[in-house]
Structures are given as C-alpha cells and as structure tokens.
Amino acid sequence: MAILVTGGAGYIGSHTCIELLKAGEEIVVLDNFYNSKPAAVELISEISGKDFKFYHADMCDQEAVDDIFEENDIEAVIHFAGYKAVAESVREPLMYYRNNLTGTFCILEAMKKHGCKKIIFSSSATVYGIPEKVPVDETFPLSAINPYGNTKLIIEDMLRDVCNADKDFSAALLRYFNPIGAHESGKIGEDPNGIPNNLMPIIINVCTGKQEKLTVFGNDYPTPDGTCIRDYIHVVDLALGHLAALRSVREKKGAIPYNLGTGNGYSVLDIINTFERVNNIKIPYVIGDRRPGDAAECYSVPDKAARELGWKAERGLEQMCRDAWNFVQHNK
Ligand code: WQD
C-alpha cells in the first residue's frame, strides 16, 4: 500500500516525503510544479536514498487523479497541494476557491471511488482568524479573514462532513503555524516561485540581494518590542508531525484537528536579530505600516499533538535560521 502525497514537490511536501521514505513508507507523489520545481523530485530520492513514483499532474484533473488510484494501491493521502499566498488570494479569490476546493473534491472523489478512507490535510493556523487571545488551542473559534484561509476552513468542514457520513473515514487536520528553515543537508528548502509573501523567504531575498530591504510591517503593536509575534516551527519538525499523524489515521476514525507549532512566540525583530547573529549577517530593514489582517500575536498550545500523536517540535529558532541560510549557501 502507498501514501499519495499531493504537492509533494513543494516546501513542506518535499521535506515530508523524505521523512516518509526514511521511515520505510511507499509513496506516490502528485505535483503540477505551480509553486515547486522538478529538481525537488530527484532531490527527495537523493537525500532519502529511496525511489518513488511521481506524477506530473494537476489535482483538478479528475481523470489524472483517478488514474493514480487505478495504477497504485493508495492507503492514505497527505494533501499539501493548494495555492497558499494570502495577499494573492485577496486579489484573486476565484482562482483560490477553484483550485483549492476543486482539487480537494477531485482527491476525495477518487478516494471514495477506490475505498481510500484516510487523509492528512495541510490546514493552517489561519483558520483561527485573529485570535481573541494567545496561546491558541484546537477548541478556539474558527473564522476566515481572507479567501486563502477560507479555503482551508471550507476543506476542514468538508472533511468533518465526510467523516460524519462515513464512520470508517479518518482525517487529521494539521494546523500549521509558521514553517521556516530547511533540511540539514542544505539540498532542499523554501524556494517559492515568484515573489514571496512570508517573512523568512523575504529575509533570504534581502540577504541575497534579490530584494533591496525588508519592511517590518508595523512596530506599534501591543507586544514587547511592538512587532508581531508568531509561532515559527522548523519544517523538518513539521514533516515529522505528518508521520505521527499517519500513525493516528491508521488507528483512529473521524476528523481530528491538531496544532503543529512549538508553543513559543517570537517577534519579527526576534527573527531578524537571531538570523543576523547565527549567520553573522546584517539585514537592512525599515519600519513600515501595519499589514492589513495581521494579528498582533498568534502562537500555539501544542499539547494535544504531544498527547495524542506523541509528537513535539524539537528544533529551536537558532537552528531554523541557520538551516534556512545554509540552504541558500548550498544553492548559490
Ligand atoms: C509573519 C510576520 C508579518 C513579511 C501566513 C499565512 C499562514 C501561513 C504562514 C500558509 C507577520 C511580518 C512579513 C514582511 C513583515 N501560510 N512580515 N515583513 O502572516 O503569520 O502567516 O504565512 O499556510 O496561513 O497566514 O506569516 O511570514 O507572512 O508574516 O514584517 O515583508 O512577519 O507582519 O507579523 P503569517 P508571514
């Protein structure tokens, strides 16, 4: 039996594929390279020392998705594929609803047709909207503050409904906080196509000269240094969280949400200062206006994943910053 990894050539997907292969799992990967690169497919094999089947296809192509299930005995799906840029989703909502929801429909239809009843979904802390208080646990109210976040919320609802209709169905809803960092080898890391939106890839672009400077979006928030606080988690810790979730969907039924975070909150200036210190580099930045929709603070209570999945993040902020820069150094 194999695990189908949609979006497996992407940032979190490729790191997860490596850990799945190292753990002895058989995987099949689907990716259309919208926000990833073909080289990632080879690198997954090179780093893990294992081969796997790859399909260059779009998850919205129902026939292509059905073919994957026809040609492979799929036990479970880890569903990463989807557009993920918040600002772009505000500019192009229909593109986000069409891709993220239609793609998920196609995956779930093929799962139903082939009797596959286990899914691990790449959800996001964005389903908590702007939390009333921190830290955030899985019982907090859910709300969407942008179309991207709404696609995550709608897909969570779809999976809850599917599990209510079919008591044999299992769905782990993994709510990522802020993934950063890269594989220790330096061979894979965060390498988005186009202009990045997130803090760490922008810091990297500034340090490599691709962008002139970093704009810190506001330093007048009610936080110790005035900049926003987030729960940054090493991408390898996040990948290992998916292996723990795979064990869970093999044992438990129903749709169960889990925060995948460290439980530690760091400000934008903490990230800048730590990155500069561990990598002995200077990041030119200016203080700009607040970015609409940003919460002052958002960080997790990670206890449920520790209790029920036997998983917790092990890598600290210094390693996240070191590994992120190491990837750049290896790929100059
Ligand atoms: C982090 C902090 C910014 C850029 C988003 C999505 C979430 C997940 C992670 C997909 C914020 C500040 C950023 C810059 C800055 N994505 N910042 N200058 O907004 O917490 O979460 O990405 O799953 O779903 O919502 O991450 O990296 O965009 O921002 O000051 O040029 O860095 O204001 O405080 P965010 P981010």
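In each ligand, atom 1 is the first atom listed, and ligand 1 is the first ligand listed.
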With distance as the sole criterion, is a donor-acceptor pair present between the side chains of Y221 and E297 under 3.5 Å? no
With a cut-off of 4.0 Å, which atoms of ligand 1 are near a heavy atom of V86? 6 (C), 25 (O)
Would you mind listing which atoms of ligand 1 come within a distance below 4.0 Å of any non-hydrogen atom of Y232? 1 (C), 2 (C)
Looking only at non-hydrogen atoms, which of P196, S124, G218 approaches atom 8 (C) of ligand 1 most closely? S124
Just jot down the ligand 1 atoms closer than 4.0 angstrom to any heavy atom of V216, in number order. 30 (O)
Can you pull out the closest protein heavy atom to atom 3 (C) of ligand 1? Residue, atom name and distance to 0.1 Å, please. R291 NH2, 3.4 Å
Single hit among D237, T262, D323 for side chain to side chain donor-acceptor pair (under 3.5 Å) with R315: D237
Residues K84 and N35: side-chain donor-acceptor under 3.5 angstrom: no
List every atom of ligand 1 that sits less than 4.0 Å from any heavy atom of C228, numbering the atoms from 1 in the order shown and giving each element. 34 (O)
Assess the side chains of S267 and D225: does a donor N or O sit below 3.5 Å from an acceptor N or O? yes
Residue, atom and distance of the protein heavy atom nearest atom 5 (C) of ligand 1 read N198 ND2, 3.7 Å
Test your reading of the structure: does F217 have an N or O sitting under 3.5 Å from an N or O of ligand 1? yes
Evaluating non-hydrogen atoms only, which member of L199, T215, N178 is closest to atom 18 (N) of ligand 1? T215
Polar side chain donor-acceptor pair, Y176 to S122, under 3.5 angstrom: yes
Checking a contact table here: which protein heavy atom is nearest atom 20 (O) of ligand 1, and how many Å away? R230 NE, 2.7 Å
Does H15 use its side chain to pair, donor to acceptor, with the backbone of H183 at less than 3.5 Å? yes
Pair R277 + E318: basic N to acidic O under 4.0 Å: yes
Got a salt bridge between E75 and R250, using NZ or NE/NH1/NH2 to carboxylate O under 4.0 Å? yes
When you check the side-chain N and O atoms of Y148 and E88, is any donor under 3.5 Å from an acceptor? no
Tell me, which protein residue and heavy-atom name are nearest atom 33 (O) of ligand 1, and how many Å apart are they? D294 OD2, 2.6 Å
Which protein heavy atom lies closest to atom 16 (N) of ligand 1, and at what distance to 0.1 Å? Y148 OH, 4.0 Å
If you scan protein heavy atoms around atom 31 (O) of ligand 1, the nearest is I202 CD1, 3.4 Å
Ignoring hydrogens and angles, tell me if any N or O in the side chain of T227 forms a donor-acceptor pair with the backbone of V268 under 3.5 Å. yes
Please report the interatomic distance CD1(I271) to OH(Y232), rounded to the nearest 0.5 Å. 5.0 Å
Which segment of Y83 sits under 4.0 Å of ligand 1 when only heavy atoms are counted: neither
Using heavy atoms and a threshold below 4.0 Å, how should the contact between Y176 and ligand 1 be classified: side chain, backbone, both, or neither? neither
At a 4.0 Å threshold, what atoms of ligand 1 neighbour a non-hydrogen atom of N197? 4 (C), 28 (O)
What is the nearest protein non-hydrogen atom to atom 12 (C) of ligand 1, stated with its residue, atom name and distance? V268 CG2, 3.8 Å
